[in-house]
Amino acid sequence: MANKAQIRTNNSALIAMIADEDTVVGFLLAGVGNVDLRRKTNYLIVDSKTTVKQIEDAFKEFTTREDIAIVLISQYVANMIRFLVDSYNKPVPAILEIPSKDHPYDPAQDSVLSRVKNLFSSESVASGRR
């Protein structure tokens, strides 16, 4: 049990967002947004001027912050940094790929879904069930 990541329970955990403006604004209106004392936010709005380096930096920052439990990332943005998303293997914060208004969700590109499918298919083969 020592290797399991745990979410701190003494403070609330945040949801981070990396997505287009419409998606981020919708979640901000729902109360997901946070700005700390150093003026650091828990979201990145991706538009045509956002560089891949900025997306990579935000992903790395959000996945290393201790106050973030979930990172929501639009699937088309995740495709821009697919190598980082696919290589991320920690349980906390969880990475969830979501659709956006202009880019529909494609389950074939979702790395988390493919890992779950592989896990269940290997378990069913190991147990002899099909």
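The shown structure was predicted, so the numbers you read here are calculated from the model rather than taken from an experiment.
- With respect to K40 and D36, no salt bridge is recorded, no charged nitrogen being found less than 4.0 Å from a carboxylate O.
- Between V71 and P93 the shortest side-chain heavy-atom distance falls below 4.5 Å.
- A salt bridge is defined here as a Lys NZ or Arg NE, NH1 or NH2 lying under 4.0 Å from an Asp or Glu carboxylate O, and K101 with E21 fails to meet this definition.
- Checking each of I15, V32, N42 against F27 for a side-chain contact (heavy atoms from CB on, under 4.5 Å) leaves exactly one that passes, namely V32.
- If you chain together hydrophobic residues whose side chains sit under 4.5 Å apart, L14 and F62 fall into the same group.
- Looking only at side-chain heavy atoms (C-beta outward), I73 and I95 come within less than 4.5 Å of each other.
- Taking 4.5 Å as the limit, every side-chain heavy atom of Q54 sits out of range of all side-chain heavy atoms of D57.
- Hydrophobic clustering (side-chain heavy atoms under 4.5 Å, transitive across Ile, Leu, Val, Met, Phe, Trp, Tyr) groups V85 together with I68.
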>> For a side-chain contact (heavy atoms from CB on, under 4.5 Å) check, start with the C-alpha distance between M17 and T23, then their side-chain angles and the critical distance, and finish with the verdict.
In response: CA-CA 9 Å; M17 292 278 312; T23 304; 3.7 Å; yes
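- Residues N79 and R82 share a closest heavy-atom pair of OD1-NH2, 2.6 Å.
- Taking the side chain as every heavy atom from C-beta outward, S74 and Y105 never approach each other to under 4.5 Å.
- Of the inter-residue distances, the one linking N34 atom CG with T41 atom OG1 reads 9.0 Å to the nearest 0.5 angstrom.
- Proximity of I98 to Q75: side-chain heavy atoms (C-beta onward) are nowhere separated by under 4.5 Å.
- Listed by chain and number, the residues in a ring pair (Phe, Tyr, Trp, His ring centres under 6.0 Å) with Y76 are H103 (sequence neighbours excluded).
- When the side chains of ILVMFWY residues are joined at heavy-atom separations under 4.5 Å, either directly or via intervening members, L84 and Y88 end up in a single hydrophobic cluster.
- Residues I55 and I18 form a side-chain contact, since some pair of their non-hydrogen atoms from C-beta on lies under 4.5 Å apart.
- Contact annotation: the side chain of V24 never approaches that of D22 to less than 4.5 Å [non-hydrogen atoms, C-beta and beyond].
- Under the 4.5 Å side-chain contact rule for hydrophobic residues, V52 and F83 share a cluster.
- Side-chain contact check for I45 versus D20: every heavy-atom pair is 4.5 Å or farther apart.
- Looking at residues two or more places apart in sequence or on another chain, you find no salt bridge (charged side-chain N to carboxylate O under 4.0 Å, His left out) involving K49.
- I70 and I81 sit in two unconnected hydrophobic clusters of ILVMFWY residues. Membership requires side-chain heavy atoms under 4.5 Å apart, directly or through other members.
- A pairwise comparison of heavy atoms in A58 and L44 identifies CB-CD2, 3.6 Å as the closest pair.
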